[in-house]
Each structure stands twice: as C-alpha cells, then as structure tokens.
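The structure appears right after this line, and notes come after that.
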Amino acid sequence: MIELKNISLKYGEREILNNVSLTINDNTIKAILGPSGVGKSTILKLMLGLIKPNKGRVIVDGTDITHMTETSLYEIRRKMGMVFQGNALFDSMTISQNLGFFLRENMKLPESEVSRRVTEQIQFAGLEGYEEQLPESLSGGMRRRVAIGRALIFKPHMILFDEPTAGLDPVSSKKILSLISSLRKNNNLGAVIVTHILDDVFNVADSVAVLYKGEIIFDDVTDKLHEAQHPFIRSILSDKILEL
Ligand SMILES: Nc1ncnc2c1ncn2[C@@H]1O[C@H](COP(=O)(O)OP(=O)(O)O)[C@@H](O)[C@H]1O
Ligand SMILES: [Mg+2]
C-alpha cells in the first residue's frame, strides 16, 4: 500500500502539488488522471522516493520513506516496478537481455532462474520470436510491452505506469490496456496508472483520482466519475480527451 499524506511540492517558486493526499491499496488498479504538466509524473517520483516533498509524508507498506536515504530506498523500490513513459530500454541490448538485466546485475540471480523468468515474461507480454531483436526493430506497442515485462520480472507488489498508452495507435493501446487488466488476476499486485487519457481510466482502473491545478478534485471508484460535478471533470467527460 502507498500513501501520500498532505503532500505539498514546489519546483523553485512554482507550486505543483498543494496538500495532496492519496491512498493506493494493494490488489487494485488506481488511475491518476490529469492534464499534461499538472504533476502526474512528479507523483510517481515521490512514490519512488526520487524526489522529496516540501511538506507531507510518503508511506510505503507502513514505512515512512519521506526522508530515507538512497541506500535504504533500494529495498522499497524493489517492491515497485516502474514503466517509464519513454520505456527506458537499453538500446544496445536484445529484448531478452533487457528483461534479464536487473535480475543479473542487481539481484545476482542464478542464470537458470533469470532464464526461467525471462521466458515467463516473454510469454506474458506476447513477445515470442522477438527475444534476440533489438528494441529499435520493434513497434512502439511492443517496446512498451517489453518495458512492462521488465517491471514485472522483479515480482513487485505494485507497478507504476507513466502514461502507458501515450503515443500509441488505438490497436496497440488496447493491447497494453488488456495486458494491464490481466494483472488483476495476480492477487498480489496493485497498480498505479497516471494518464491524461480518459479511455485508460474506464478500461482498467478500479478507482480514479483527478489532479487539477495542484489538488485532488475527485477520488472514488471509477463508476462514480460520471456523477462528478466539478466543471473540469464535466468538460473532460464531454470532450473525452484532456486538453494538452
Ligand atoms: N525537475 C523539475 N524542475 C522544474 N520544473 C519541473 C521539474 N520537473 C517537472 N517540472 C514542471 O512541473 C510541472 C509538472 O511536471 P510533471 O509531473 O512532469 O507533469 P505531468 O507528468 O502531469 O505532465 C510541469 O510544468 C513541469 O514542466
Ligand atoms: Mg508526465
């Protein structure tokens, strides 16, 4: 479980988050919806301890990580898989090498276990036959699936997605969303999806928080979004996609 408690954050003089509180429960998929530049990626960075808030606390599985050092954060980060917006794959490594990299280099797992887990993720992500290809020879949707496989291969408790369908065509988006939905079947895995695309929310999220001008203006089960009265939410529901 991840909790943000009364978080305020500024970049220089500019206030990005103003007293934001959020809870991400285990075994659920939570979306954080908001327009571009509102602070969604910033929230994921706070959850990973990559940046520190000016006020408030970040709690992961009951541990206050707000002021933890990098060394202590290592164990916490292993509980969370992250899928970056640009995928962050290693260009010079094959798909198999990308998937296995952290298991070999950081976790020092034996080669037999690395290979077992790589095969498992290749199957899960539907990448059979592409094991020895370089990322550049894959489509955008496939590269995103490699990034998801690489985040899952640690067996994290929680997986964080930064704009999982941004820049993908409708068919690839659908594949990514169904892959994310299939994570629900894994009883021990929760997910956070930050997005500016309303379809992502309706397709996969159990609950959704809407971030607007530094504040959470809605936080409830996804079905209730239709009943929200806030003018910003009314406008995105009628336009279907947020203004960039
Ligand atoms: N390290 C930084 N220093 C200064 N400003 C930043 C930094 N990172 C992000 N910003 C700004 O803060 C705002 C929120 O950024 P971000 O969290 O990336 O938004 P989102 O992911 O919702 O598009 C944006 O206006 C962005 O330009
Ligand atoms: Mg972002």
Side-chain angles (χ1 to χ4, degrees), residues 2-24 29-58 60 65-68 70 73 77 80-89 140-141 143-145 147-148 150-151 158-168 172-173 176-177 180 191-205 207-219 222 225 228 230-233 235-237 239-244:
I2 307 176
E3 289 172 276
L4 300 188
K5 290 192 169 173
N6 308 105
I7 296 282
S8 293
L9 181 124
K10 287 182 179 179
Y11 287 127
E13 284 303 295
R14 201 162 144 233
E15 184 168 72
I16 305 294
L17 302 175
N18 174 20
N19 202 32
V20 165
S21 295
L22 270 180
T23 302
I24 319 288
I29 301 183
K30 174 126 192 168
I32 300 171
L33 178 73
S36 184
V38 76
K40 301 182 300 297
S41 298
T42 298
I43 287 183
L44 295 183
K45 287 177 193 158
L46 284 163
M47 290 175 174
L48 290 164
L50 292 168
I51 54 174
K52 309 287 181 196
N54 298 92
K55 280 192 208 140
R57 296 191 297 147
V58 182
V60 177
I65 69 153
T66 321
H67 301 292
M68 257 191 191
E70 280 295 306
L73 279 167
R77 288 192 191 137
M80 295 188 269
M82 173 80 193
V83 181
F84 294 94
Q85 189 167 358
N87 301 322
L89 300 178
R143 283 201 291 270
R144 188 65 44 85
R145 285 188 268 144
I148 294 174
R150 196 179 57 175
M158 189 71 83
I159 179 161
L160 314 181
F161 293 93
D162 198 349
E163 308 265 8
T165 65
L168 298 182
S172 304
S173 293
I176 295 294
L177 292 173
I180 296 173
V192 182
I193 294 165
V194 311
T195 183
H196 69 278
I197 299 169
L198 204 53
D199 267 355
D200 290 358
V201 178
F202 288 128
N203 275 295
V204 298
S207 67
V208 52
V210 182
L211 184 62
Y212 181 65
K213 295 190 173 169
E215 296 181 8
I216 300 290
I217 58 168
F218 176 91
D219 189 358
T222 304
L225 194 61
H230 192 287
F232 176 71
I233 299 178
S235 77
I236 58 177
L237 286 169
D239 291 339
K240 279 287 194 180
I241 185 155
L242 306 189
E243 281 300 311
L244 293 178

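Both ligands and their constituent atoms are indexed starting at 1 by order of listing. Residue numbers start at 1 and run along the sequence shown. Only this structure's heavy atoms are used, side chains among them; waters, hydrogens and symmetry mates stay out.
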query: What part of Arg14 sits under 4.0 Å from ligand 1 if we count only heavy atoms: the side chain, the backbone, both or neither?
result: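 For Arg14, only side-chain atoms sit under 4.0 Å from ligand 1.
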
If you have a sec, work out which protein heavy atom is nearest [atom] and how many Å separate them, to one decimal?
atom	value
atom 19 (O) of ligand 1	Gly39 N, 3.2 Å
atom 6 (C) of ligand 1	Tyr11 CD1, 3.2 Å
atom 18 (O) of ligand 1	Ser41 CB, 3.7 Å
atom 23 (O) of ligand 1	Gly37 N, 2.7 Å

Closest contact, heavy atoms only, [X] versus [Y]:
X	Y	value
Gln85	Arg144	O-NH2, 3.2 Å
Ala151	Val83	CB-CG2, 3.8 Å
Val38	Tyr212	CG2-CA, 4.0 Å
Gly214	Val20	O-CG2, 3.3 Å

message: Take a 6.0 Å sphere around NZ of Lys213 and say whether it holds more than 12 heavy atoms from other residues, nucleotides or ligands.
response: no

message: Quick one about Asn6 and Arg57 (side-chain donor to acceptor, distance below 3.5 Å, no hydrogens or angles considered), yes or no?
response: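 Arg57 vs Asn6: no donor-acceptor pair found between side chains.
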
task: Kindly confirm whether the Mg ion (ligand 2) is within less than 2.8 Å of some N/O/S atom in Thr42?
output: no

- request: Return a yes/no value for Ile16: is any of its N or O atoms, backbone included, closer than 3.5 angstrom to an N or O of ligand 1?
  value: no

query: Quick one: does Lys45 get an N or O within less than 3.5 Å of an N or O on ligand 1?
result: no

Give the numbers and elements of all ligand 1 atoms closer than 4.0 Å to a heavy atom of [X].
X	answer
Lys40	17 (O), 19 (O), 20 (P), 21 (O), 22 (O), 23 (O)
Ser36	23 (O)
Thr42	15 (O), 16 (P), 17 (O)

query: What do you reckon, does Gly34 put a non-hydrogen atom under 4.0 Å from ligand 1?
result: no

field: Cationic N near anionic O, under 4.0 Å, Glu70 to Arg77
entry: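 Result for this pair is yes, salt bridge flagged.
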
message: Closer than 3.5 angstrom, by distance alone: can the side chain of Ser8 be matched with the main-chain N or O of Lys55 as a donor-acceptor pair?
response: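 Side chain of Ser8 to backbone of Lys55, a donor-acceptor pair under 3.5 Å: no, none is there.
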
